[in-house]
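As structure tokens, the structure follows; a few thoughts come after it.
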Amino acid sequence: MISEIIAGNTVDAVEHLFGQKIDKHLLQIEKTNRDYEGDFTLIVFPLLRIAKKSPEETARLIGDYLTAHCDEIKGYNVIKGFLNLAVSDNYWIEFFKNNIADEKYGIAKTKKPGTVVLEYSSPNTNKPLHLGHVRNNLLGFSLGEILKANGKKVIRVNLINDRGIHICKSMLAWMKWGEGETPEKSQLKGDQLVGKYYVLFDKKHKEQIADLVHRGFTDDDAYANAPVMKEAKELLSKWENADEETLEIWHTMNNWAYQGFETTYKRLGVAFDEVNYESKVYLDGKRLVLEGLDQGIFYRKEDSSVWADLKSEGLDEKLLLRSDGTSVYITQDIGTAERRYEAYSPEKMIYVVGNEQIYHFDVLKNILKKLGRKWADNIVHLSYGMVELPHGRMKSREGTVVDADDLMDEMYNTAKMTTEELGKTEGFSKEESVQLYEMLGQGALKYYMLKVDPKKNMLFNPEESIDFNGNTGPFIQYTHARIQSILRKSEQSPQNLVAEIDYDSINILPVEKELLIHLAGFPEVLQNAGDQYSPATLANYIYELAKLFNHYYQDTPILKRIDEKTATFRVLLSWFTGNVIRNGMALLGIKVPQKM
RNA sequence: GGUCGCGUAGCUCAGCUGGAUAGAGCAGCAGCCUUCUAAGCUGCGGGUCACAGGUUCGAAUCCUGUCGCGAUCACCA
């Protein structure tokens, strides 16, 4: 890395000039601002105390030293306390030479030690996936890819919530009013069908509540005493007592939901290494809680419920086992965390879960620590923000939920319309067109969601469909397609060009240097994206790269109207850029087309 | 009420491990296809970085407080 080289030499410079050995991290080196001459800038203010000279003079002295002693630095200028350094073209040509043949430039070639368990998606089987799940899935999948590209071993886990009162609601509604409807009979996706009965339950429940309130019940009493709610609770207790008929219906409806999810996951391009079902693991953790109780870490109340006291940690008391001895949500998470630790000894356990559960994970970590699990510190809650609609949050009750399947259909249609208007699919077969529309629709959707910092809430306006121009997925996909078009027109394959290029003959233009500098930054960006769990960092990097390339493409002939040696270099630089765009987009879960 | 997060252009967002005159896209306006794909490129207008203090040579960025928005504090998950 060039900034490492500059830093190392500056340390020498400071020692030589001012007689003091400084730590490299004291130095601030950044890319030179566009408005100034130079490539990289050393900010000398922090060195003034050592230099005991004016900013300008300090900068000049260091500049002189670097120019004389460092081959990579060919000149400098000083503005106030900013030492703007010009890096020699040779350095960038070397960089190009060293990496051009590597089609997977920046992607880790070998596994480093360290396993990461990454949980994401985690749907409920009572309703289909919506926009919020889409953000979760895209984030989780992309983060997994990014970590793998950083050399980590990643275990992607989906923990499906297939039990509890909400599933019983769907089941009850189906039993009462379903008339034996199946996905096959009504040609409905399984998860949509189950969701339909969940909505139906809610509707009936509301009617009954209104009726009870009308007859003088309070809202709360009406809620709990509505006949359908009582029946749903009975159904839950039947489920817990392993009633055969109930289990069978439960199995059937869950399978419908799983099959529906499978379809959605496949279309969205997300995948998992392991699927856990809550019904199988929800009893885990009880053993640990009882162990903690024995050791006096937790305590039992008169009604025999078990609690953790986290007041000294700034939290509250937390219920761990109900008075009837059954587990609650957090009990299960204690158990699954322990299981994952024992199975994989991961260096991190990442949970992609909405920011509404920050408190939950805070509690979870503290409880595990109380139990002496030091690895609790390795738990990371990647808490992402809500996806909001112009009117606020999505409310299933108000019918403002944006369904994942519908959304993908809409994206496909928008892609189709836009592409046809532009007449871009002339000469495409039917199948190729369909593939392209899907690729563009998915690209638009995924990039739209991933370019935003995960921790921030984001707005989705269904009225204005997702854009295809500007800072968007299709813009980047288009840039890739343009590059491929050049490569197709080149008489030789990139691999052949690499074999015959004469590096000594290369003269690089300022735009080309900009591209090379940006390309050189890819590994660092990838690392940061992994360290900060932020696909957005990567997304924004790729956008910058695509923008730079389009600017280059606009007024620099790459293949035609130039001599062969220049063309060789430019085609290869385009190829390099295309590879980084493709690989980077793949880490976001986005495919790029050859033509569009 | 306690805790946590967010507040940057009309809109959607970058920038936040402190550095030069705060950036993109969309929307608006004006240009660029007899040359490699115009889903592109160039230019113009648009800002009290919520507000007030503080730390610093230097603050959108760090600290404190205020305001606004949101989340959370279940024998729900």
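Each chain gets a letter, A, B and so on, in the order the sequences are listed, and its residues count up from 1. What you see below is based on every heavy atom in this structure, not just the backbone, and it leaves out hydrogens, waters and symmetry mates.
Across all strands, A:Phe475 comes closer than 4.0 Å only to sugar-phosphate atoms, never to a base (heavy-atom distances). Residue A:Leu440 is in base contact, counting any heavy-atom pair closer than 4.0 Å across all strands shown. Looking at heavy-atom distances under 4.0 Å, A:Glu421 makes no contact with the nucleic acid at all. Within the nucleic acid shown, A:Ser327 has no heavy atom closer than 4.0 Å to any nucleic acid atom. At a threshold of 4.0 angstrom between heavy atoms, the contacts of A:Gln477 with the nucleic acid are absent.
Under a cutoff of 6.0 Å and an axis angle of 45°, A:Arg135 and A:Tyr384 do not form a cation-pi pair.
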Atom pairs, protein N/O to nucleotides 42-44 of chain B N/O, distance under 3.5 Å:
residue : atom : partner  : partner atom : Å
B:rU42  : OP1  : A:His551 : ND1          : 3.1

Anything under 3.5 Å between a protein N or O and an N or O of nucleotides 45-47 of chain B, put it in a table, one pair a line.
none

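For an aromatic pair to be called close, the ring centres must be under 6.0 Å apart, and A:Tyr543 with A:Phe475 satisfies this.
Judged by distance alone, the side chains of A:Tyr478 and A:Asn550 never bring a donor and an acceptor atom under 3.5 Å apart. Between the side chains of A:His381 and A:Asp362, not a single donor N or O lies within less than 3.5 Å of an accepting N or O. Residues A:Ser323 and A:Ser304 bring no donor and acceptor atom of their side chains to less than 3.5 Å of each other. Side-chain atoms of A:Asn254 and A:Thr125 include a donor-acceptor pair closer than 3.5 Å. Using modelled atom types and a 3.5 Å distance limit, the side chains of A:Ser305 and A:Trp307 yield a donor-acceptor pair. When only modelled atom types and interatomic distance are considered, A:Asn84 and A:Thr41 share a side-chain donor-acceptor pair under 3.5 Å.
Within the structure, the salt bridge (charged side-chain N to carboxylate O under 4.0 Å, His left out) test picks out no pair touching residues 473-482 of chain A (sequence neighbours left out). Residue pairs that meet the salt bridge (charged side-chain N to carboxylate O under 4.0 Å, His left out) test with at least one member in residues 38-58 of chain A, sequence neighbours left out, are A:Asp39-A:Lys513.
Under a 4.0 Å N-O distance rule, the pair A:Lys24/A:Glu4 qualifies as a salt bridge. Between A:Glu420 and A:Lys416 there is a salt bridge, with a side-chain nitrogen of the basic residue lying less than 4.0 Å from a carboxylate oxygen of the acidic one.
Spacing between B:rC73 and B:rC16 at atom C1', rounded to whole Å, works out to 29 Å. Taking atom C1' on both nucleotides, B:rG65 is separated from B:rG25 by 36 Å, rounded to a whole Å. Atom P of B:rA38 sits at a distance of 12 Å from the matching atom of B:rC33, rounded to the whole Å. Taking atom P on both B:rU35 and B:rG19, the two are 45 Å apart, rounded to the nearest angstrom. When the C1' atom is compared between B:rU21 and B:rU17, the two are found 24 Å apart, to the nearest whole Å. A distance of about 14 Å separates the P atoms of B:rG7 and B:rC49, rounded to the whole Å. Distance noted for atom C1' between B:rA60 and B:rA52: 16 Å (whole Å). The gap from the P atom of B:rC41 to that of B:rG1 amounts to 49 Å, rounded to the nearest Å.
Distance from the side chain of A:Tyr36 is smallest to B:rA20 among B:rU37, B:rG40, B:rA20. Across B:rA77, B:rA20, B:rC36, the shortest atom-to-atom separation from the side chain of A:His166 is found for B:rA77. For A:Lys547, counting side-chain heavy atoms from C-beta on, the closest listed nucleotide (B:rA38, B:rC41, B:rA77) is B:rC41. Each of B:rU21, B:rU37, B:rA71 was ranked by its minimum atom distance to the side chain of A:Glu356; first place goes to B:rA71.
Rounded to whole angstrom, the span from the CE atom of A:Met394 across to the C1' atom of B:rG70 amounts to 15 Å. Between the NZ atom of A:Lys318 and the P atom of B:rA74 there is a distance of 7 Å, rounded to whole Å. Straight-line distance from the OH atom of A:Tyr478 to the C1' atom of B:rC41: 10 Å, rounded to whole Å. We find that NZ of A:Lys311 is positioned 13 Å from C1' of B:rC73, with the value rounded to whole Å. Following rounding to the nearest Å, A:Met386 (CE) and B:rG70 (P) show an atom-to-atom distance of 14 Å. When the P atom of B:rU72 is taken as reference, atom CD of A:Gln357 falls 9 Å away, rounded to whole Å. One interatomic measurement links the two molecules: CE of A:Met596 to C1' of B:rA38, which rounds to 12 Å at whole-angstrom precision. Put simply, CG on A:Asn461 is 14 Å from P on B:rA27, counting in whole angstrom units.
In terms of the side chain to side chain donor-acceptor pair (under 3.5 Å) criterion, residue partners of A:Tyr552 (sequence neighbours excluded) are, by chain and number, A:Glu512.
Side-chain N/O atoms of A:Asn126 and base N/O atoms of B:rA77 include no donor-acceptor pair closer than 3.5 Å. No N or O donor and acceptor, one from the side chain of A:Lys595 and one from the base of B:rU37, sit under 3.5 Å apart.
B:rG19 has no stacking from A:Phe82 on its base ring, since the centres under 5.5 angstrom apart and planes within 30 degrees of parallel are not both found.
The stretch residues 37-50 of chain A comes close to RNA chain B through A:Thr41, A:Ile43, A:Phe45, A:Pro46, each having a heavy atom under 4.0 Å from the strand. Non-hydrogen atoms lying under 4.0 Å from RNA chain B are contributed by A:Ala481, A:Arg482, A:Ser485, A:Ile486, all within residues 479-486 of chain A. The stretch residues 558-565 of chain A touches RNA chain B through A:Ile558, A:Leu559, A:Lys560, A:Arg561, each having a heavy atom under 4.0 angstrom from the strand.
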Legend entry - Sequence-aligned protein contact record of nucleotides 2-18 of chain B, with B where the base is within under 4.0 Å of a protein heavy atom and S where only the sugar-phosphate is: ----SS----SSS-B--
Legend entry - Structure string for RNA chain B in dot-bracket form, Watson-Crick and G-U at under 3.5 Å, | interchain: (((((((..((((.....[...)))).(((((.......))))).....(((((..]....))))))))))))....
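In this structure, B:rC33 shows a glycosidic angle within 90 degrees of zero, which is the syn conformation.
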Can I get a per-line list of side-chain donor-acceptor pairs under 3.5 Å for residues 521-532 of chain A, giving both atom names and the distance, sequence neighbours left out?
none

Which donor-acceptor pairs under 3.5 Å do side chains of residues 314-322 of chain A form with protein atoms, sequence neighbours excluded?
residue  : atom : partner  : partner atom : Å
A:Glu317 : OE2  : A:Tyr299 : OH           : 2.4
A:Arg322 : NH1  : A:Thr326 : OG1          : 2.9
A:Arg322 : NH1  : A:Ser327 : O            : 3.0

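Aromatic ring orientation, A:Phe361 versus A:Tyr351: tilted (interplanar angle from 30° to 60°). By the 30° and 60° cut-offs, the orientation of the rings of A:Tyr258 relative to A:Tyr277 is tilted. Ring pair A:His518/A:Tyr541 is parallel by interplanar angle, where below 30° counts as parallel and above 60° as perpendicular.
In this structure, the side chain of A:Glu410 does not engage the main chain of A:Gly441 through any donor-acceptor pair within 3.5 Å.
Heavy atoms from other residues, nucleotides or ligands lying under 6.0 Å from CG of A:Asp220 number 12 at most.
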